[in-house]
Structure formats: structure tokens, C-alpha cells
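One structure is given below, encoded as C-alpha cells.
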2 protein chains.
Amino acid sequence: MTKTPQKYNYAVIATDIAIFTMQNEQLKVLLIKMKKAPYTGSWALPGGLIKGDENLDDAAERILLDKAGLSHVYLEQLYTFGRVDRDPFGRVVSVSYFALIPNSGITPKTSSEYSEIAWFSVKNLPKLAYDHKEIVQAAIQRLQSKLSYTNIIYGLLPKEFTLGELQTIYEIILGKKLDKRNFRKKILSLKLVKKLNRKKSTGPNRPAELYCFTQSKPQLVDIL
Amino acid sequence: MTKTPQKYNYAVIATDIAIFTMQNEQLKVLLIKMKKAPYTGSWALPGGLIKGDENLDDAAERILLDKAGLSHVYLEQLYTFGRVDRDPFGRVVSVSYFALIPNSGITPKTSSEYSEIAWFSVKNLPKLAYDHKEIVQAAIQRLQSKLSYTNIIYGLLPKEFTLGELQTIYEIILGKKLDKRNFRKKILSLKLVKKLNRKKSTGPNRPAELYCFTQSKPQLVDIL
DNA sequence: TCAAAAGTGTTCATGATACACCCATGT
DNA sequence: ACATGGGTGTATCATGAACACTTTTGA
């Protein structure tokens, strides 16, 4: 067995990451404005090439750190996109990931590789480079379905939160209203969260109890 | 942007396919015995390299046809395995797939690339080359979970089958007994199958009604 | 005192589970 | 006649769905 490029068809392996957060009652995804031709000025998912001595997951983590300054967030492999013509540069196979981060008001900064970086509501996306639209759609769908049978929503919330905030996130991502009493009954019966016995005042209304998650590892739970 | 191998790290893209069928009341996976070093004599999943001008799904279909003589079967992308050291040959990223085929007693033939090909019960697998054990496990897990929320079991059954056969497959793959009456009630209420008004005699017992699927496209259905 | 979100139980409908006997056939 | 798998219905239980008022606070 020899390494003959003519015989074995090499490809560039890239990874693109759909990074989600909640802001202003909206599900948002992080996009960067590209400098490189032929997509100069287009918005795209943060991504990059995988190094020769780098595992796929490590590459995704590195890119998350480099482009968004994030680490220790929920990250999972999504799907691999490899249409022959998906990148005008040549054969590039993208192993896509999706990540969840709590809304900490982070606005990652620009770098030499891209001219702008910003959060976009998934309801109002600009035109995206490559097949990134498809990737975002796949990520949203995965997120929606995983919300109903796992506890990964913890990835979108800060350490402390109220049950109202929790419910709102479900409602926004799933795109439907939930009954407050039934929702609380379910969440509490699953013992996913515990009461901190502290309250959060948010305005001219009754302060809400603060809760935290009892688990911060992904697990299967029948939520909705 | 230039194609400089030193700068952009190229990798070989492969695909490996976990092909499942039911035989003798067992879930089986198709394996080949390798000729190539350093895994000479080891069993492995059927797989191959993706060509430069070939989409990922097309490559998987091609390999399914070449190695197992199969086409028009249920096939879905599973996961992408890319540990740096997963292949002693060098950097090979494997986009794995899983496929379901009806038990037609097919025993695919050997070829120049491998010395043997055979079905193995997933309960009794030999040692596998590369990280193929991990791939098989991921495939089984995906199959198990998809059985309960989709109709993909149609991929494992012939055109005509009895409800008893259908139930047995569920029981084997899920690893638990199901109540006959409840199972039939559920399957029939979902209108996934229709009666053919023909019977199948299988021995010294009452002949069973034959059914066929009403759909042979994957769809979400709440089965179990 | 008013507006705004938090918090709390019960009833009802639906679906899941448990369960046992007769039927049709080949040997 | 007997052994074997096929086929059928009902009662109970658990879970999900619908639903409205009181509480606490800041302005």
C-alpha cells in the first residue's frame, strides 16, 4: 500500500460549527463575514481545516476557541457534508458540529481571517456561503429533536436560571407554547433541576426562584 | 488560495458500511476478511475510498453494490470517525454509513480485495480491524433507537411478511419481548402495513396472514 | 393600586400495560 | 389427537392535556 495521490483521492477535511445561543428571546447562530474569495463579504459558519495530527473533535474545539473564544461548551458532531462541488476551492469534506453556549452576552471579536462576526436570529438569516444553510438547518433540526429526549438544554442556560427562563427557551426552539403548570410538573418530577433557595428580581413583579441543573452531562430523558 | 499540501492537510476519505440483515432470528452484520497488511486475516466492515469526483452518499452506494451486490436498500450516514491513529496507513477519515437489507439469503461472493465475506451475529463478533468495532456499536445503537421512532424496519423485511415476523425482528433488535396483542394493535392503528389477504403456511400450525408496508420511505412514527 | 410575571392542583381524556383463550394446520 | 404458532378483546393504570386564580413585587 503506497501513498500515491493519483490512486488515492485526497481531500481537505474541514469542520464547520453551528454555535447557538439564546439572546432577546431568540435562538441565534454565530456567523462570520468572510474575506476570502469567492465568498468575500458573505456570511458563513465559523470553521476551518483539520490538521494532519488532529482528531476531529479536537479540531472542532480548537475552532470554537479560536473563532469564538469558547471552551467547555456542549459540542457534538452533526453530519458530514461532502458534495463534490460544495466548495469552489476543490474537494473539501466538512465534518460539521453543533455547539450550545449560555447567553453571556459574548460578542466575539473579529480577526484577520474574517472581517466581522455576529449573532443572527435563525429566523432571519442572511444568505450563507457554501452549503452552510443546509448545515444550519440540520443543526436546528437536531437541536429541536434532542431537546425532547435529552437534557442538553443545560448547554444554553447559565449556572442559575428561573423555571420561566427554562420554559421560554423550550418554547422558542420548539416553536410552540407550553402549559406552565404541566411544564414545571414535568421538569421537577425528572429531578433535572434543584432549587437554590434564592430569588431573582427582574422588575415590577414577583421574584422568581433560582434553580440550577443537577446534571451537566448529556443524558437521555423523556422531557416532552 | 492555493493547493499546497504542506499548508492544507489532506486526508484520505473512506467510507465503511455496517450492513445489517436478519437471519435465523439473529441480527447480523456483513464482514469481509482482509488481505491487506497490516490487517491481513482480520475481519472488517466493507468499505473503500471515496473518489475525487464522488459524493459521499454515492460512494456508499457504490461500495454497497461492489462488495455486496446490493442496491436500493435503506442507507443512511451514521457518523464520521477521524481519530488520527485509526488507520496505520496514514490519515484516513471514515464517513460511516449503515444499511438495512431484507434477508434474502444473499451470501455475497469474495473478490480480489478480500479473501472471505460473511454474515456475523452481532452477539458474536470476531475481533475487528481499525475502529470498526466502534462503528458497529454506533450503528446498532442508531438502529435500536430509530426502530422506536421511525418506520425504517421496512428495510429489514421482504415485500411480504407476517406480523409475527415483524414482531420478532423488533424483539431481537430491541432485546426484549413484546406483548403480541398490544404490538399488533399499535402497528395496525398506525396503518404502516396492510393485509394482502393471502396466507403463509410455515409448518404444523395455523397459516399467518401476509402483510406489506404501505410506505417504503423513511418517516417519523411513534412506534414503541 | 396597578401591571406584570411567579407560583400552584385537580379533572379529564388518552394511550400503555397486563392478561388467556380459541383457531387452523401438519404430522 | 396433539403440538405449534396465529389470532383476538377488555379492564386497569399511568401519563399527558386542559384549565384559573392568588401571590409578590416595583413603579
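Labels below follow one simple rule: chain letters A, B, ... track the order of the sequence lines, proteins then strands, and each chain is numbered from 1.
- Nearest approach of A/K159 to A/C212, heavy atoms of both residues: O-CB, 3.4 Å.
- Put simply, CD on A/E165 is 8 Å from P on C/dA6, counting in whole angstrom units.
- A sub-4.0 Å separation between OP1 or OP2 of C/dG7 and a side-chain N or O of A/K180 is absent.
- Rounded to an integer number of Å, the gap from A/R206 CZ to D/dA27 C1' is 19 Å.
- Comparing A/L224 and A/D179, the nucleotide of DNA chain D nearest to each residue sits closer to the 5' end for A/L224.
- Atom CG in A/L190 sits roughly 13 Å away from atom C1' in D/dG16 (whole-Å rounding).
- A donor-acceptor contact under 3.5 Å links the side chain of B/N182 to the base of C/dA18.
- Summarising the geometry, the separation between CG on A/D222 and P on D/dT15 is reported as 10 Å, rounded to the nearest angstrom.
- Side-chain nitrogen and oxygen atoms of A/R181 include none within less than 4.0 Å of the OP1 or OP2 phosphate oxygen of C/dG9.
- Between A/L156 and A/I101, the shortest heavy-atom distance links the atoms CD2-O, 3.7 Å.
- Nucleotide D/dT15 holds its P atom 16 Å from the CD1 atom of A/I223, rounded to whole Å.
- Rounded to an integer number of Å, the gap from B/L188 CG to D/dT8 C1' is 11 Å.
- For the pair A/E209 CD and D/dT23 C1', the interatomic distance rounds to 13 Å; values are reported in whole Å.
- Of the candidates D/dT4, C/dA24, D/dT25, C/dA24 carries the atom nearest the B/P207 side chain, counting heavy atoms from C-beta on.
- Open room surrounds CD on B/Q141; 12 or fewer heavy atoms of other groups in view lie less than 6.0 Å from it.
- One interatomic measurement links the two molecules: CD1 of A/I187 to P of C/dG7, which rounds to 14 Å at whole-angstrom precision.
- Between A/F98 and A/Y74, the ring-plane angle classifies as tilted under the 30° and 60° cut-offs.
- For a distance-only test at 3.5 Å, the side chain of A/K185 qualifies as a donor-acceptor partner of the base of C/dT10.
- The side chain of B/P204 lies closest to C/dG26, out of D/dT24, C/dG26, D/dG26.
- In summary, B/E209 and B/K200 do not engage in a salt bridge, as defined by a charged side-chain N under 4.0 Å from a carboxylate O.
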